[in-house]
Amino acid sequence: MSDEKKLTTRAADFSAWYNDLVLRAELADYSPVRGCMVIRPDGYGIWERMQRALDDMFKATGHRNAYFPLFIPQSYLQREAQHVEGFAPETAVVTHGGGKLLEEPLVVRPTSETIIYAMFAKWVQSYRDLPLLINQWANVVRWEMRTRLFLRTLEFLWQEGHTAHATHDEAEAEARQMLGVYRQFMESWMAMPVVTGRKTDAERFAGALRTYSCEAMMQDNKALQAGTSHNLGQNFAKVFDLKFQTESGGTDFAWNTSWGASTRLIGGLVMTHGDDNGLRVPPKLAPTEAVVVPIWRTDEEKSRVLGAAHALRTELTGRVRVHIDARDTMKPGAKYYEWELRGVPVRIELGPRDLDKSQAVLVRRDTRVKQPVALDHLAADLEALLITIQDEMLTAARKRREEHSVRGAITYDAFRQLMEGEGAFVYAGWCGDAACEAAIKDDTKATIRVLPDEEFRSPEAPRTCLKCGRPSTSEAVWAKAY
RNA sequence: CGGGGCGUAGCGUAGCCUGGUAUCGCGCCUGCUUUGGGAGCAGGAGGUCACCGGUUCAAAUCCGGUCGCCCCGACCA
């Protein structure tokens, strides 16, 4: 076998493996513009399924979709002090339109808080108008210095939820609820386990009171921030004059939340589940859940096998998303490799010998285990198998994460060695001082990913700070991150 | 923006030091034989050698410049 048909292995060069896989599996391609990417049909198909699942969850929690413009007056972005500081350096600015210099430059949205809350201010007068629960699916632009396919591109697709509430507690509950929605999606759809928790001030969203995050561990043991949810307090309401009359007749500024997840999730999917043979897509997100590879020698066998394949597809319609690979220019073996690269969860091998026995062979992409299945209950068996695969992918990913998570007393030297070496999620104490956090980042590149939520904390709370040895005020998850 | 690497056919490359009109593999097209883990044989198509300028009888090759991309770092979903 020629080496150029193989992917770079993860062990040889994780970064090269990732690029190789994304390009070869045809998820995306580089565009003529630096830092931008084209999302190809196989990549976009996964995104569409992600969108559908998330959108259903947003609707189920009372949100409605709307769309706000791409262009934001530059002055809007400058109104909230922390927000400007956070985003001004990475905006693309339109200075000309129709060949003329604009009176006020327009910023291509890096995120839409400013324009959305400016609009909310027009729409909200009374506590009866609250809560206002809006989501938008959009593209945003952030002029990053260094880009990577899906993980960080100048333009990316995402959804951003924006809500307004009458009280702090309601906003807080909303921010937490949406973090839970993300977690639910990432675990049950993406089979990607996450640690949830609160961000430190250093990692907090520019302009937020509190930021919550879902952090996933990639196969190189680095963390990927997969989704964030912010309690914005009244910061934006105050600068955009988003006020309402309270039930008792007074006025108050609204309390906002915002939350987002992006096409970065596709990168997370690749780095969570991909292997040296290619992509592995969890069944629930796979545009094609099963591919039939028919096998034949003679024309007679060909028509017999394809006939059976079509009958199978008819039976599976509405139950399993299935594709028949009837190309006669490739041998079955070549097709196996191709569909493994593309990550289709189950392959159905169907040949004359199978038909003689009224069976087909199901091959799992995740484990590559083969099993013959009688044709008369293939549909039911396949459905069950897809559920098993979905479950076991999550279990396997969680096991890997736990194997690379370190809890309990650890010396700073041991921690540093770990971060310089194979990496890990290290659960350790933190004194709460931003200086310790910054010193560790300078030293090791590791950051506090989250101050984990209760269920992720260690049975015994750490007593001292990883860095300075003073009493710990909260447990922190440290890791290098994308 | 700093450091490193690279631009030659759709993709990956050889050739560059030591100038003479481009090599090989994959892929693609045609035909025949094939088809249960990356098919074989035969024939064929496909190139302004990133761009601009210079040196030279002659430049992928030497010289000067420009642009682009990738990787590592600072920044970040």
Side-chain angles (χ1 to χ4, degrees), chain A residues 1-8 13-16 18-20 23-24 26 29-37 85-91 110-111 139-160 182 199 202-203 205-206 211 213-216 223-230 258-268 277-278 293-299 301-302 305 325-341 347-357 360-361 363 368 370 372 441-442 445 447 481-482:
Chain A
M1 186 192 312
S2 147
D3 276 352
E4 58 197 297
K5 288 187 177 173
K6 288 186 175 172
L7 290 173
T8 307
D13 184 342
F14 191 80
S15 188
Y18 175 80
N19 281 326
D20 221 10
L23 296 170
R24 293 269 303 277
E26 298 182 357
D29 203 352
Y30 293 108
S31 86
V33 179
R34 178 195 79 85
C36 293
M37 66 185 277
E85 207 178 310
F87 286 103
E90 55 180 70
T91 53
T111 179
N139 58 336
V140 288
V141 168
R142 297 180 187 178
W143 215 262
E144 303 291 351
M145 296 185 206
R146 210 179 134 223
T147 58
R148 299 199 59 188
L149 294 167
F150 288 114
L151 302 174
R152 186 167 303 103
T153 45
L154 296 196
E155 177 189 4
F156 57 92
L157 306 183
W158 76 344
Q159 58 68 218
E160 48 181 322
Y182 285 147
K199 287 287 191 184
E203 301 278 326
F205 175 77
T211 290
S213 173
C214 293
E215 300 282 328
L224 184 78
Q225 181 172 306
T228 50
S229 180
H230 316 288
S258 70
W259 25 276
S262 72
T263 39
R264 167 179 255 203
L265 290 174
I266 297 171
N277 298 307
V293 177
I295 299 152
W296 68 78
R297 269 172 229 277
T298 63
D299 283 349
E301 283 177 349
K302 180 177 176 181
V305 168
D325 185 355
R327 288 175 293 181
D328 57 9
T329 50
M330 285 172 88
K331 289 174 66 168
K335 293 180 183 177
Y336 298 168
Y337 281 101
E338 182 178 311
W339 293 110
E340 282 175 5
L341 175 64
R347 178 173 76 238
I348 303 172
E349 300 178 1
L350 191 63
R353 297 212 294 266
D354 297 307
L355 290 183
D356 291 343
K357 289 185 273 184
V361 177
V363 188
R368 296 174 111 199
K370 299 189 178 196
K441 185 176 181 182
D442 286 349
K445 310 265 192 286
T447 50
Y482 275 95

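Values in this document were obtained by computation on a predicted structure and should not be read as measured data. Each chain gets a letter, A, B and so on, in the order the sequences are listed, and its residues count up from 1.
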(message) According to side-chain contact (heavy atoms from CB on, under 4.5 Å), who are the partners of Y30(A), at least two apart in sequence or on a separate chain?
(response) N19(A), L23(A), L149(A)
From the options [options], select the nucleotide whose nearest atom is closest to the side chain of [X].
| X | options | result |
| --- | --- | --- |
| I295(A) | C75(B), G38(B), G36(B) | G36(B) |
| K445(A) | U35(B), G73(B), A77(B) | G73(B) |
| M145(A) | G36(B), C75(B), A77(B) | C75(B) |
| K441(A) | C75(B), G36(B), G37(B) | C75(B) |

Contact class for [X] vs. all strands (heavy atom < 4.0 Å): base, sugar-phosphate, or nothing?
| X | result |
| --- | --- |
| G351(A) | base |
| E349(A) | base |
| R368(A) | base |

(request) Would you write the dot-bracket representation of RNA chain B, where each base gets (, ), [, ], | or . depending on whether it forms a Watson-Crick or G-U pair under 3.5 Å and with which partner? (result) ((((((((.[[[..)....(...]]].((((((.....)))))).....[[[[[..)....]]]]])))))))....
(request) Give a yes or no on whether a donor-acceptor pair under 3.5 Å exists between the nucleobase atoms of G36(B), that is its base, and the side chain of E301(A). (result) no
(message) Any N or O donor-acceptor pair under 3.5 Å from the base of G36(B) to the side chain of K335(A)?
(response) no
(request) Give the intermediate values and the outcome of side chain to side chain contact (heavy atoms under 4.5 Å, CB included) for residues L224(A) and L151(A). (result) CA-CA 9 Å; L224(A) 184 78; L151(A) 302 174; 4.0 Å; yes
Could you tell me which residues satisfy ring-ring contact (aromatic ring centres under 6.0 Å, His included) with [X], sequence neighbours excluded, listed by chain and number?
| X | result |
| --- | --- |
| W296(A) | none |
| F156(A) | W158(A) |
| F205(A) | H83(A), F87(A), H230(A) |

Between protein and nucleic acid, restricted to nucleotides 67-70 of chain B and to nitrogen or oxygen atoms under 3.5 Å apart, what atom pairs and distances do you find?
from	atom 1	to	atom 2	distance (Å)
C69(B)	OP1	R34(A)	N	2.8

(request) Begin from the C-alpha positions of L7(A) and L341(A) and carry the test side chain to side chain contact (heavy atoms under 4.5 Å, CB included) through to its verdict. (result) CA-CA 9 Å; L7(A) 290 173; L341(A) 175 64; 4.1 Å; yes
